Each structure stands twice: as structure tokens, then as C-alpha cells.
2 protein chains.
Amino acid sequence: MTDKLQQSFKALADPSRREILLHLSKQDMTIKEVSEHFDMTRAAVKKHLTILQQGNLISIEKSGRERINSLKPEGLKTVTNWMAYFDSFWDQKLNNLQQAMTNYTQEKDQIKK
Amino acid sequence: MTDKLQQSFKALADPSRREILLHLSKQDMTIKEVSEHFDMTRAAVKKHLTILQQGNLISIEKSGRERINSLKPEGLKTVTNWMAYFDSFWDQKLNNLQQAMTNYTQEKDQIKK
DNA sequence: TTGACAAGATACCAAAAGGTATCATATATT
DNA sequence: AATATATGATACCTTTTGGTATCTTGTCAA
């Protein structure tokens, strides 16, 4: 089994799956209910739901003959954490930009003298 | 051409490509330099770099006979923005949890009376 | 208990993804 | 000018992915 991070990223890489997450953000739904929002078979939707579950983005719990799918934060948190590594990088980029602008300003001042 | 969001998510969905981003966060690199960090052909690495570029995660600029690959914020910002939609959802979840705890506390208080 | 109905399980298929090998082109270097 | 080097461009191969069709199982309801 590949690691959690990979499964979360993989789960998010498909537009149908991201759309499912949007639907589930409004209300929990059975597999059939999710399917009704898409132009594909229930079996295909179920596959997507399984992948979302493996990516820790939803939980699926049994209730009678139904399966209730509901959103779950863990997966998104995992990818957010990974992306946070780059925060300092972007900051650095912004600092460089600001530095460049400062230099430019000073240069102009010197010309004025 | 699929939309920007999809291309960014797609680009991030491969572990090699995420690793490339980590390398580029330390320094800009030519295609050959990136390749040296991986156990695959230069051609394969180039494909990954192209996909990263399409996902707005890096920029590739020509310099003589070389191509300098450097990190670029736009792509990550795009996915961050998408994920931000769910912030309120997680807040809601936390509120529900807090509400449940409050009720529980009140219940205990009533029992005490 | 006997149909409906929701979901599980497989088998199968076409397209996309990740990779290699190979040849061509552009730019340095001597 | 001739050679080495960095990259571009294709063709090709295997595995994964997204999807369907079909059959079985579990559960609700009359």
C-alpha cells in the first residue's frame, strides 16, 4: 500500500472525485444519492468513493442496507501539511521581490541627487 | 485543454513530481541536473517537468542550450484556494463537536441539581 | 416470505500515464 | 570546422485508471 500522502493526492486528482467532495460538503449521502448527481453508473461512483476513503477524505459507514458517505478532514490536512513546506519558499520569493523594489527606489534616489 | 485547477492537481498527484518540486525549492536546476536525482531517463524527467509547467508549478526558461527549471507559486495557490472552500466545513464540524460537548456539560449540571 | 431495492464483487474494455529507446537539433568548446 | 553536450521529438511498450455490464448478497417492506 502506498503512503497516505500519495493516496490523498491521488484521490484529489480526479475532477469527479473533487465534485463528490463538494456535494458531500452540503450533506452526507448514500452511494445511490451521490450517483444521482453524475452521468455514470453506481459502480463507477462507488469506485470513486472507495478511492476517496483510501485518501482519508471521506468516511463510509454502514446503516442498514445503505452506506452513508461523509466528509472527513484528515486527507485535506495531510496535503495541506505537505504544501506548507513551500510557504517559506514563497515568502523568500516575495522578499526577493521586495528587495529588488527597494534597490530600485534607492537607485532612483541616487539619480535625483 | 483541461482547466488550470485540474492540471495543478494532476501535476501534484505523482510522487516523482512532488519530489522534483522539493529539489527545486532548494535551487533552480537544468533538466539534466534534475535527472541526476532520479533513477529514470532524462526523457522521463522532462515529461514530468512539462506536466509541472502545465500545472503552473514551475517555469522553464531557456538559457543557451539549457533549460532552467524554477519553482513557481501559482499552481499551489490554485489548489490551496480550492481547498479553502472546505475551511468552513471543518469549522462547522468543530462547532458541532463543541456544541455536543456543551450539551453534555449542561446535562451533567442538570443531573447535579 | 417474497419481491423490491441498495450495495458488493467480478470480469472486461479503452484510454491515459509513466517509462524506455532512438534519432534529430541547437549550442558550446576545442 | 569538428566534436561534445543539452535538449527536442517520436515511436513504442506496459500498467494504471475510469468506466461498463453482469451477477450475487443483504436488507427493507408489503
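Labels below follow one simple rule: chain letters A, B, ... track the order of the sequence lines, proteins then strands, and each chain is numbered from 1. Bear in mind that the values here come from a model prediction, so they are computed numbers and not experimental data.
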Please report, rounded to the nearest Å, how far the [atom2] atom of [N] is from the [atom1] atom of [X].
X       : N      : atom1 : atom2 : result
B:Lys46 : C:dT20 : NZ    : C1'   : 14 Å
B:Lys10 : C:dA15 : NZ    : C1'   : 12 Å
B:Glu36 : D:dA6  : CD    : P     : 9 Å
B:Phe38 : C:dT20 : CZ    : P     : 12 Å
A:Asn69 : C:dA6  : CG    : P     : 14 Å

Checklist entry - Between B:Val34 and B:Leu21, is there a shared hydrophobic cluster once you connect ILVMFWY residues whose side-chain heavy atoms come closer than 4.5 Å? => result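 Yes, B:Val34 and B:Leu21 fall within the same hydrophobic cluster.
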Item to check | Hphob cluster co-occupancy, A:Ile60 + A:Ile31, side-chain heavy atoms under 4.5 angstrom | outcome: yes
Checklist entry - For the helix from C:dT1-D:dA30 to C:dT30-D:dA1, what angle lies between the axis at the first five pairs and the axis at the last five pairs, to 10 degrees? => result 30°
Would you confirm whether [X], through its side chain, and [Y], through its main-chain N or O, come within 3.5 Å as a donor-acceptor pair?
X       : Y       : answer
A:Arg18 : B:Trp82 : no
A:Arg17 : A:Ala11 : yes
A:Glu33 : A:Thr30 : yes
B:Glu19 : B:Asp14 : no

Checklist entry - Is the shortest heavy-atom distance from the side chain of B:Phe86 to the side chain of A:Leu22 under 4.5 Å? => result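 A side-chain contact under 4.5 Å exists here.
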Checklist entry - In the 5'-to-3' direction, what one-character label does each nucleotide of nucleotides 19-30 of chain D receive under the scheme B = base within less than 4.0 Å of a protein heavy atom, S = sugar-phosphate only, - = no such atom? => result BBB----BBS--
Checklist entry - For residues B:Ser59 and B:Ser70, is any side-chain donor paired with an opposing acceptor at under 3.5 Å? => result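 Side chains of B:Ser59 and B:Ser70: pair found under 3.5 Å.
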Checklist entry - For B:Asp39, does the CG atom sit with more than 12 other heavy atoms under 6.0 Å from it, leaving out its own atoms? => result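 Check fails, neighbour count at 12 or below.
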Checklist entry - Roughly how far, to the nearest 0.5 Å, is the OG atom of A:Ser8 from the NZ atom of A:Lys77? => result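 Spacing of NZ (A:Lys77) from OG (A:Ser8) equals 12.5 Å.
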Checklist entry - Say you draw a straight line from NE2 of B:His48 to CG of B:Asn69; how long is it, rounded to the nearest 0.5 Å? => result 13.0 Å
Checklist entry - Where along residues 50-61 of chain A does a heavy atom come under 4.0 Å from DNA chain C, residue by residue in number order? => result none
Checklist entry - Looking at the side chain of B:Lys32, which of C:dA7, D:dG8, D:dA6 is the nearest nucleotide? => result D:dA6
Next on the checklist: Quick check: on DNA chain D, is the nucleotide nearest A:Arg17 upstream (toward 5') of the one nearest B:Glu33, or the reverse? Name the residue that is more 5'.
Outcome noted: B:Glu33
